[in-house]
Enquirer: 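Just dropping this structure here.
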There are 2 protein chains.
Amino acid sequence: MEFLNKFILGDCEKVLEGLPDESVDLIFTSPPYADQRKSIYGGIKPDKYVEWFLPKAKQFKRVLKPGGSFILNIKERVVNGERHTYVIDLILKMRQQGWLWTEEYVWHKKNSYPGKWPNRFRDNWERLIQFNKQKKFKMFQETVMVPVGDWAKNRLANLSETDKIRDESKVGSGFGKNVSNWKNRKMVYPTNVLHMATECANRKHSAVFPVTLPAWFIKLFTEQGDVVLDPFVGSGTTAVAAIELGRNYIGIDINAEYIEISRKRTSQIQIRLPNVAESQTEFETILN
Amino acid sequence: MEFLNKFILGDCEKVLEGLPDESVDLIFTSPPYADQRKSIYGGIKPDKYVEWFLPKAKQFKRVLKPGGSFILNIKERVVNGERHTYVIDLILKMRQQGWLWTEEYVWHKKNSYPGKWPNRFRDNWERLIQFNKQKKFKMFQETVMVPVGDWAKNRLANLSETDKIRDESKVGSGFGKNVSNWKNRKMVYPTNVLHMATECANRKHSAVFPVTLPAWFIKLFTEQGDVVLDPFVGSGTTAVAAIELGRNYIGIDINAEYIEISRKRTSQIQIRLPNVAESQTEFETILN
DNA sequence: TTCAAGTATGAATCCCTTT
DNA sequence: CAAAGGGATTCATACTTGA
């Protein structure tokens, strides 16, 4: 496939026309929010947002595999003192398009932009809306398990004498190993609330979300060698996550500068990372 | 006003007809979610939810003062593998009714219901949707300021892996019992993400949300002596918060057993609390 | 009295069986 | 064939118990 592991300059609606049906396992994207980033994207008016987005969503649906997922990172702007309705309008319209509104994850941003307003507090969360084409879809819940809650810490902090003895007698090795084994076993499934700090790096290209955010969903909804699409790839964060996890990426953006940044950024990563060699062989196998 | 500081048995839609226009400063409520709590409320079908709720919302709008706020605690159920749209439908319809959709707070529940499903994780958050009648409304931001603790410096500086994923423990709403410990700390404004556990104790009456939740909004949107209405008062949690903060309450519920529980619960509080005396004089002043 | 360990229980959801 | 019902799954919290 000629699109694989490339950044393509252009309007994703047009570009995707060249992509075959059902060729993508996961779409993860953070489109320009209405009227935001005017200088770069031209600024879509909130009232026009849904009609601007819908034809693109139609293409997304076409290129997504039946068991694939679409994760949309979005948040409604405040317009005239009110939250604008373009996000919920979009959900309703996309359902009419045939999408299933499977779930809504919340990204709790721990460090939000500072500021003070008379009628609201700082906005500290964003939506991560999951759409699917069918009720059954690929999901690998074990890949995102998290260590168990506080009681595990307590347990580790005060290991009782009997615990120590038991461990010694059983295995004979240092109890550190046992503890780690036990720790590994004690993983629990996460919830639909994600806790991640925003990345306050690079002022040039506003890093919209941290690499850990697409990485979490890529692990959850794809396997090694799968294809991850970001039709508004911006500075390439989704692609970075995909590469690091041994997935193929397709990055599209209408802005040439962003495409350039993404290319530079990912090339650096491919050099830097130790596991690139093995990842690349995987890529080559798939590409051939 | 004959309704003040009472629990009234009946359908709030009918009961409120007896309340004058613009007589309430804050409406805080958690209505029965669609198809939930069948045994108590009869269970409203998800598809009928909006049409069931709208005439009640109309009464709410009538009795609310121009500068008052309406906080609606709600969450969409999963129906046939999909999030149902009754919540976002309701937002759109209420806007047609003349409400402004000012803001949506997120309540991050620290202890969610356990369970495992092939297509989703545990639901760990609920919506707290703020509606207003006009752009300008009463808001006292200083009353809910949060102390900046060591967590701000240390935790945010070097986030551990678990920290990134798991919830922080102390950020919260700042309404904890040991706030006095933080007196010397610097205070900052909170965000629109609230951190509270559900109340899993108290076997007699299952309080769905903790007292701290209505308390937070009561402090934020009302002053001493103001009137707080909960049209689905359940076990009286909103009223408890109102009493503790020296506000007047109006509690309505269609279920006689709940009304009884609420009456008992609040009478106990009035006896127990040390600051009741002063609160009551205030009430009397207002009542006369 | 304090602290650690044990235990009960929630605004749940899926899936399969029964009516 | 739609609607209703029951079993299995699972974890943070706070109350209870015991040393």
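Residue numbers start from 1 in every chain, and the chains themselves are labelled A, B, ... in the order their sequence lines are given, proteins ahead of strands.
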Enquirer: Please state how far atom CD1 in B/Ile74 lies from atom P in C/dA12, giving the value in whole angstrom units.
Expert: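 Atom CD1 in B/Ile74 sits about 14 Å away from atom P in C/dA12.
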Enquirer: Whole-Å distance between C/dA11 C1' and B/Lys110 NZ?
Expert: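 Taking NZ of B/Lys110 and C1' of C/dA11, I get 19 Å after rounding.
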Enquirer: Nearest whole Å is fine: how far is C/dA11 P from B/Tyr49 OH?
Expert: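 One finds 15 Å between P of C/dA11 and OH of B/Tyr49, rounded.
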Enquirer: Would you please determine if the base of C/dG10 is stacked by B/Tyr113, with stacking meaning a centroid separation under 5.5 angstrom and planes under 30 degrees?
Expert: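 A stacking contact does not exist, since B/Tyr113 is not both close and nearly parallel to the base ring of C/dG10.
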Enquirer: Judged by atom type as modelled, is there a donor-acceptor pair below 3.5 Å linking the side chain of B/Asn5 to the main-chain atoms of B/Tyr249?
Expert: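 At least one qualifying donor-acceptor pair exists.
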Enquirer: Going by salt bridge (charged side-chain N to carboxylate O under 4.0 Å, His left out), name the pairs with one or both residues in residues 89-99 of chain A, residues two or more places apart or in two chains.
Expert: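 Every salt bridge (charged side-chain N to carboxylate O under 4.0 Å, His left out) pair that includes a residue of residues 89-99 of chain A, provided the two are not neighbours, is A/Arg95-B/Glu82.
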Enquirer: Just N and O in the side chain of B/Asn119: are any of them under 4.0 Å from OP1 or OP2 of C/dC14?
Expert: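 Yes, within the criterion.
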Enquirer: Is B/Pro118 touching bases, backbone alone, or none of the nucleic acid, heavy atoms closer than 4.0 Å?
Expert: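 The answer is sugar-phosphate, as B/Pro118 gets under 4.0 Å only of primed atoms, P, OP1 or OP2.
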Enquirer: Does any part of the side chain of A/Leu245, heavy atoms only, come nearer than 4.5 Å to the side chain of A/Val228, both counted from C-beta?
Expert: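 Contact flag for A/Val228/A/Leu245 side chains = no.
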Enquirer: Whole angstrom is fine here: how far is it from NZ in B/Lys116 over to P in C/dA12?
Expert: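 Atom NZ in B/Lys116 sits about 19 Å away from atom P in C/dA12.
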Enquirer: On the 0 to 90° scale, with breaks at 30° and 60°, tag the B/Tyr49-B/Tyr86 ring pair as parallel, tilted or perpendicular.
Expert: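 Ring orientation of B/Tyr49 relative to B/Tyr86: tilted.
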Enquirer: I'd like to know if B/Ser30 reaches the base of C/dA11 with its side chain such that a donor and an acceptor end up less than 3.5 angstrom apart.
Expert: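 In this structure, the two groups form a donor-acceptor pair.
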Enquirer: Please enumerate all residues that pass salt bridge (charged side-chain N to carboxylate O under 4.0 Å, His left out) together with A/Lys61, with sequence neighbours excluded.
Expert: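 Salt bridge (charged side-chain N to carboxylate O under 4.0 Å, His left out) list for A/Lys61, sorted by chain: empty.
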Enquirer: Please list, chain by chain and in numerical order, all residues satisfying salt bridge (charged side-chain N to carboxylate O under 4.0 Å, His left out) with B/Asp253, sequence neighbours excluded.
Expert: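 For B/Asp253 there are no salt bridge (charged side-chain N to carboxylate O under 4.0 Å, His left out) partners, ignoring immediate neighbours.
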Enquirer: Which value, in whole Å, describes the distance between the P atoms of nucleotides C/dA11 and D/dC15?
Expert: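 Result for the P pair: 15 Å, nearest Å.
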Enquirer: Nearest-nucleotide wise, let me know which of B/Arg120 and B/Pro32 is further upstream toward the 5' end of DNA chain C.
Expert: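 Nearest-nucleotide comparison on DNA chain C picks B/Pro32.
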Enquirer: Looking at D/dC11, I'd like to know if its phosphate oxygens (OP1 or OP2) sit under 4.0 Å from a side-chain N or O belonging to B/Arg122.
Expert: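 Looking at the OP1 and OP2 atoms of D/dC11, neither is under 4.0 Å from any side-chain N or O of B/Arg122.
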Enquirer: If a stem is a run of at least 3 consecutive Watson-Crick or G-U pairs, both distances under 3.5 Å, which stems include DNA chain D?
Expert: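 Stem segments, range with range: C:2-10 with D:11-19, C:12-19 with D:2-9.
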Enquirer: Using atom CG of B/Asn111 as one end and atom P of D/dC11 as the other, report the distance to the nearest whole Å.
Expert: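 It works out to 13 Å between those atoms.
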Enquirer: Nearest whole Å is fine: how far is C/dC14 P from B/Asp123 CG?
Expert: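 Result: 11 Å.
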Enquirer: Under 4.0 Å between a Lys/Arg side-chain N and an Asp/Glu carboxylate O for B/Asp226 and B/Arg247?
Expert: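 The answer is no: the pair does not qualify as a salt bridge.
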Enquirer: Distance check needed: C/dC15 C1' versus B/Trp117 CH2, whole Å only.
Expert: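 In whole Å, C/dC15 C1' lies 13 Å from B/Trp117 CH2.
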Enquirer: Residues of residues 77-87 of chain B with any non-hydrogen atom less than 4.0 angstrom from an atom of DNA chain C: list those, numerically ordered, please.
Expert: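 B/Arg77, B/Val78, B/Gly81, B/Arg83 - these, ordered by number, are the residues of the stretch whose heavy atoms sit under 4.0 Å from the strand.
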Enquirer: Taking the side chain of B/Val208 as heavy atoms from C-beta outward, which of D/dA12, C/dA11, C/dT13 is closest to it?
Expert: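 Given the options D/dA12, C/dA11, C/dT13, the side chain of B/Val208 is closest to C/dA11.
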Enquirer: Residues two or more places apart in sequence or in another chain: which of them pass side-chain contact (heavy atoms from CB on, under 4.5 Å) with B/Lys56?
Expert: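 Scan of B/Lys56 (side-chain contact (heavy atoms from CB on, under 4.5 Å), adjacent residues dropped) gives B/Asp11, B/Cys12, B/Glu13, B/Trp52, B/Phe60, B/Phe232.
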Enquirer: Indicate yes or no for a side-chain donor-acceptor contact from A/Arg120 to the backbone of B/Thr102 under 3.5 Å, with no hydrogens or angles considered.
Expert: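 Yes; judged by distance alone, with no hydrogens or angles, the pair exists.
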Enquirer: Under the ring pair (Phe, Tyr, Trp, His ring centres under 6.0 Å) test against A/Phe28, which residue among A/Tyr105, A/Phe209, A/Trp216, A/Phe221 passes?
Expert: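 So, applying the ring pair (Phe, Tyr, Trp, His ring centres under 6.0 Å) to A/Phe28 and each of A/Tyr105, A/Phe209, A/Trp216, A/Phe221, only A/Phe209 qualifies.
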Enquirer: Between A/Met139 (CE) and C/dT13 (C1'), how many Å, whole number?
Expert: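 Rounded to whole Å, this separation is 13 Å.
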Enquirer: Find which nucleotide of DNA chain D each of A/Tyr189 and B/Lys45 is nearest to by heavy atoms, and output the residue with the more 5' nucleotide.
Expert: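 Closest to the 5' end, via its nearest nucleotide, is B/Lys45.
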Enquirer: Starting the side chain at C-beta, find the nucleotide from C/dC15, C/dA11, D/dT10 nearest to A/Lys136.
Expert: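 Nearest nucleotide to the side chain: C/dC15.
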